[in-house]
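Reviewing the structure listed below.
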Amino acid sequence: MRVISFNANGIRSAAKKGFFDWFIAQNADVLCIQETKAQEHQLDALTFHIEGYHRFYFDAEKPGYSGVAIYSKQKPDNIKRGLGWPCADTEGRYIEVQFGNLFIASLYLPSGSSGEHRQVHKFEFMERYQNILSQQINSGSDFIICGDWNIVHKEIDIKNFKSNQQTSGCLPEERAWLDKLLTEMGWVDAFRALNQEANQYSWWSQRANARAKNVGWRIDYQMVTPNLKSKIQQVAIHKDPIFSDHAPVVVDYKF
């Protein structure tokens, strides 16, 4: 089972750059998209209706902002949109599909980079979401949480670690929160389960030629419940071709 997570930074923009042609060639089972920046009614063109896939969107109320989506070959047993509080739901930050005992979600965790008030929202989101992650990992079901988590985990996950200690996404308290999920709670970072190499990034600033120089951050993850760790077969971050300031994260699971 191939699962792809991708922050499109505008699904229409990514489509114009050939993303869906690339996606079809991947023969993936599930695609989780973040930051669609569109309302579903704006995506009626054939470009966005991929033959052989069911599609599900959860849009932000604000046009051209945030939004998540899932494409899946198999029709889900159930679809859940939202997490139950305003920042998660009015901004379209979570959608989840169920296939029996397996749940796959597309998550777009808030960024705090635009100002102190957004960082406050981010910390509030993290606090509430931690409770849900605890419930999920203790539920006995299998979960794959794909998405842009907007946090690097360790020094290996960012090019300029020391100079970003006061930058949202690399704050010590943000990394400690992520570490708690992965060490105390038991969630597994699917990419790092197989790949421990440095310089593996999924996002690059669009300034200072950062992508060409590979001055990046790894903030896009597939987090899985512990019993799925042994099912991870192959992982990759597709830096090229370029569809967004983020790169697709591809994981193959043996089911």
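Please read all numbers here as calculations on a predicted model, not as lab measurements.
Looking at T225, N101, N227 one by one, the single match for side chain to side chain donor-acceptor pair (under 3.5 Å) with S141 turns out to be N101.
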The test is side chain to side chain contact (heavy atoms under 4.5 Å, CB included); show your working for Q165 and R175 and say whether it passes. CA-CA 10 Å; Q165 292 302 292; R175 290 184 287 102; 2.8 Å; yes
Any chance you could lay out the side chain to side chain contact (heavy atoms under 4.5 Å, CB included) test for H121 and F125, step after step, and finish with the verdict? CA-CA 6 Å; H121 277 296; F125 189 108; over 6 Å; no
Using the side chain to side chain contact (heavy atoms under 4.5 Å, CB included) rule, take D44 and H49 through it: C-alpha gap first, then chi angles, then the decisive distance, then the call. CA-CA 7 Å; D44 283 337; H49 289 271; 4.2 Å; yes
Test side chain to side chain contact (heavy atoms under 4.5 Å, CB included) applied to I137 and F143, step by step: CA-CA 8 Å; I137 203 167; F143 281 85; over 6 Å; no
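Shortest non-hydrogen contact noted between A190 and V235 is O-CG1, 3.5 Å. In this structure, I237 and Y201 approach most closely via the heavy-atom pair CG2-O, 3.3 Å. D189 and L182 get closest at one heavy-atom pair: N-CD2, 3.5 Å. For F58 against A88, the heavy-atom pair with the smallest separation is CE2-O, 4.0 Å. Smallest separation of non-hydrogen atoms from V188 and A193: CG1-CB, 4.2 Å. Here the closest heavy-atom approach between residue R211 and residue S244 is recorded as NH1-O, 2.6 Å.
The shortest distance between side-chain heavy atoms of K254 and L228 does not fall below 4.5 Å. W217 is not listed as a side-chain neighbour of W204, based on a closest heavy-atom distance of 4.5 Å or more. Side-chain atoms of K75 and V97, non-hydrogen and from C-beta on, never get closer than 4.5 Å to each other. I151 places none of its side-chain heavy atoms less than 4.5 Å from the side chain of I219. Between R128 and L83, every side-chain heavy-atom pair lies at or beyond the 4.5 Å cut-off.
Residues Y94 and E96 bring a donor and an acceptor atom of their side chains to less than 3.5 Å of each other. Looking only at atom types and distance, the side chain of Q222 has a donor-acceptor partner in the side chain of Y253 under 3.5 Å away.
With sequence neighbours excluded, no residue forms a side chain to side chain donor-acceptor pair (under 3.5 Å) with Y221. For D220, there are no salt bridge (Lys or Arg N to Asp or Glu O under 4.0 Å) partners two or more places apart in sequence or in a different chain. Looking at residues two or more places apart in sequence or on another chain, you find no side chain to side chain donor-acceptor pair (under 3.5 Å) involving K180. R192 is linked by a salt bridge (Lys or Arg N to Asp or Glu O under 4.0 Å) to D157, counting only residues two or more places apart in sequence or in another chain.
A distance of 6.0 Å or more separates the ring centres of Y71 and F6. Ring pair W22/H238: centre-to-centre distance below 6.0 Å.
Enclosure of atom CD in Q234 is not indicated, since only 12 or fewer non-hydrogen atoms of other residues, nucleotides or ligands lie within 6.0 angstrom.
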Side-chain donor-acceptor pairs of residues 28-40 under 3.5 Å, sequence neighbours excluded:
{"from": "D29", "atom 1": "OD2", "to": "R2", "atom 2": "N", "distance (Å)": "2.8"}
{"from": "Q34", "atom 1": "OE1", "to": "N7", "atom 2": "N", "distance (Å)": "3.4"}
{"from": "Q34", "atom 1": "NE2", "to": "S5", "atom 2": "OG", "distance (Å)": "3.4"}
{"from": "Q34", "atom 1": "NE2", "to": "C32", "atom 2": "O", "distance (Å)": "3.3"}
{"from": "Q34", "atom 1": "NE2", "to": "S106", "atom 2": "OG", "distance (Å)": "3.1"}
{"from": "E35", "atom 1": "OE1", "to": "N7", "atom 2": "ND2", "distance (Å)": "3.1"}
{"from": "E35", "atom 1": "OE1", "to": "Y108", "atom 2": "OH", "distance (Å)": "3.3"}
{"from": "T36", "atom 1": "OG1", "to": "S66", "atom 2": "O", "distance (Å)": "3.4"}
{"from": "K37", "atom 1": "NZ", "to": "N9", "atom 2": "OD1", "distance (Å)": "2.7"}
{"from": "Q39", "atom 1": "NE2", "to": "A60", "atom 2": "O", "distance (Å)": "3.4"}

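Among pairs with a residue in residues 106-125, those fulfilling salt bridge (charged side-chain N to carboxylate O under 4.0 Å, His left out) read E91-R118, K122-E174, at least two apart in sequence or across chains.
A cation-pi arrangement, defined by a distance under 6.0 Å to the six-membered ring centre and an angle within 45 degrees of its axis, is absent between K17 and F19.
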